[in-house]
Amino acid sequence: MSDELASGLRELAQDAETPPSVSGAEIRLRAVRRRRRRFRWTAVTVAGACAAASLALVVALNPTGGDRENRPSPAASPTAPPSTPSPAAPDATVDLSRRMLTVAGRELPISSGSVRYPTVGGRMMVVSKDSVKALSMFAGKYMEKVAWVIGLRAADGTTNFVGTLTGDEKAPGNYDVTTGWIGLRRADAVWLYKQLEPGAVIEIRGATTPTPAVDLSPSATEGTVLPGGTGGATTYPGRTADTPVPSASTAPSVGAVPAG
């Protein structure tokens, strides 16, 4: 090929050459973008593979497929029984076996029901207060006016009383002579009357401690007076021959009751 022909071909090729549509910087930027797209695609592919592997592991560990029928229902699960609130502490307690009433940290000797007329136990509420009230005394054969009486009532309607045992102030703390109500010495009865208000709760616990009974046969009581009877000296249930006997009085046990 002659030099002239080769030169003509080069000129023809240069005339037909198309210049690039973008600059070199743009070409480099496009190359960077392609690399980033390839990186993101690779990351998505790897994440998908990890998710598939995790799902396969869950299925392998739970072959039942999480069927609800194989799971215990919430109703079948054992539940703790509801707790029952304990009753509030009483304002006063009566221990029949010790013959003691405890209130506000103070202990008051009492005399409760005799063996024939035992005092009923349980929780009772103060429902009334009377400066004077007629109560059945001792063997229950007659009524007597009692001072500073606190009326009690249980949830089942049972009633009882706390008051002054003026007929025998040696009985509280030593022996039981009432027909079921709770007797106190006069000073203690006055203090308790001021201490407890309606709505206060008294809990009576224990049981009356038996004391030797008095022989009430005609031969044993000849020449004596039973409450409500006739004769000489007075006798009471739950009393022994060695127990001091209060002198019989024809006047009411409460001569004068302070007002209020």
Side-chain angles (χ1 to χ4, degrees), residues 84-209 227-228 236-238 252-260:
T84 303
S86 56
D91 299 283
T93 58
V94 174
D95 189 337
L96 298 177
S97 60
R98 294 178 56 232
R99 298 187 180 92
M100 201 67 65
L101 186 154
T102 304
V103 58
R106 180 174 174 178
E107 291 190 334
L108 311 177
I110 67 164
S111 179
S112 60
S114 63
V115 176
R116 186 177 177 184
Y117 304 99
T119 300
V120 178
R123 293 172 70 93
M124 309 189 84
M125 181 181 295
V126 175
V127 293
S128 64
K129 296 173 68 175
D130 298 283
S131 57
V132 178
K133 188 177 183 66
L135 297 180
S136 176
M137 299 293 293
F138 302 111
K141 294 181 179 292
Y142 70 100
M143 304 292 288
E144 185 171 338
K145 290 182 179 180
V146 177
W148 312 116
V149 177
I150 298 174
L152 307 175
R153 179 180 295 141
D156 60 0
T158 303
T159 59
N160 205 347
F161 302 94
V162 180
T164 307
L165 188 62
T166 54
D168 186 358
E169 288 211 345
K170 294 181 180 180
N174 296 310
Y175 44 86
D176 303 306
V177 295
T178 76
T179 53
W181 60 279
I182 298 169
L184 297 166
R185 296 167 184 162
R186 182 179 179 84
D188 292 340
V190 172
W191 182 86
L192 185 67
Y193 187 91
K194 297 177 181 178
Q195 185 73 23
L196 297 181
E197 297 295 334
V201 176
I202 295 181
E203 184 171 354
I204 303 174
R205 306 168 180 171
T208 301
T209 303
Y236 303 98
S253 61
V254 180
V257 177

Next item on the list: Could you walk me through whether Thr119 and Val94 pass the side chain to side chain contact (heavy atoms under 4.5 Å, CB included) test, one step at a time?
Entry: CA-CA 11 Å; Thr119 300; Val94 174; over 6 Å; no

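- Screening residues 85-98 for salt bridge (Lys or Arg N to Asp or Glu O under 4.0 Å) gives Arg98-Glu107 as the qualifying pairs, with residues at least two apart or on separate chains.
- Remark: Ala171 engages Ser111, Leu165, Asp168, Tyr175, Val177 in a side chain to side chain contact (heavy atoms under 4.5 Å, CB included) (not counting sequence neighbours).
- Every residue two or more places apart in sequence or in another chain was checked for a side-chain hydrogen bond (donor to acceptor under 3.5 Å, both in side chains) with Ser128, and none qualifies.
- Taking 4.5 Å as the limit, every side-chain heavy atom of Trp148 sits out of range of all side-chain heavy atoms of Lys194.
- For the atom pair Leu96 CG and Leu101 CG, the distance stands at 10.0 Å (nearest 0.5 Å).
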Next item on the list: List the steps, then state whether side chain to side chain contact (heavy atoms under 4.5 Å, CB included) holds for Val146 with Trp181.
Entry: CA-CA 11 Å; Val146 177; Trp181 60 279; 4.3 Å; yes

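- Rounded to the nearest 0.5 Å, atoms OG1 (Thr179) and CZ (Phe161) are 10.0 Å apart.
- Separating the CD1 atom in Ile202 from the OG1 atom in Thr93 is a distance of 9.5 Å, to the nearest 0.5 Å.
- Remark: Ala154 engages Met124, Asp156, Thr158 in a side chain to side chain contact (heavy atoms under 4.5 Å, CB included) (not counting sequence neighbours).
- The side chain to side chain contact (heavy atoms under 4.5 Å, CB included) test applied to Ala88 returns no partner, not counting sequence neighbours.
- A distance of 8.5 Å separates CG in Asp188 from CG in Leu192, rounded to the nearest 0.5 Å.
- Applying the salt bridge (Lys or Arg N to Asp or Glu O under 4.0 Å) rule to pairs touching residues 122-134 yields Arg123-Glu203, Lys129-Glu197, sequence neighbours excluded.
- Pro90 approaches Arg205 most closely through the heavy-atom pair CG-NH2, 4.2 Å.
- In this view, Arg153 satisfies the salt bridge (Lys or Arg N to Asp or Glu O under 4.0 Å) rule with no residue, not counting sequence neighbours.
- Proximity of a side-chain donor or acceptor of Ser97 to a complementary backbone N or O of Gly206 within less than 3.5 Å is not detected.
- For the residue pair Arg186 and Ala147, the shortest heavy atom distance occurs at NH1-CB, 4.2 Å.
- Minimum heavy-atom separation, Pro109 to Met100: N-SD, 3.7 Å.
- Between Leu184 and Pro172, every side-chain heavy-atom pair lies at or beyond the 4.5 Å cut-off.
- Residue Leu152 is tested with Val127, Val162, Thr159 for a side chain to side chain contact (heavy atoms under 4.5 Å, CB included); the sole match is Val162.
- Shortest non-hydrogen contact noted between Ala189 and Thr164 is CB-OG1, 3.2 Å.
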Margin query: Could you go through Leu108 and Trp191, starting from their C-alpha distance and side-chain angles, then the distance that decides it, and tell me whether this counts as side chain to side chain contact (heavy atoms under 4.5 Å, CB included)?
Written below: CA-CA 10 Å; Leu108 311 177; Trp191 182 86; 4.0 Å; yes

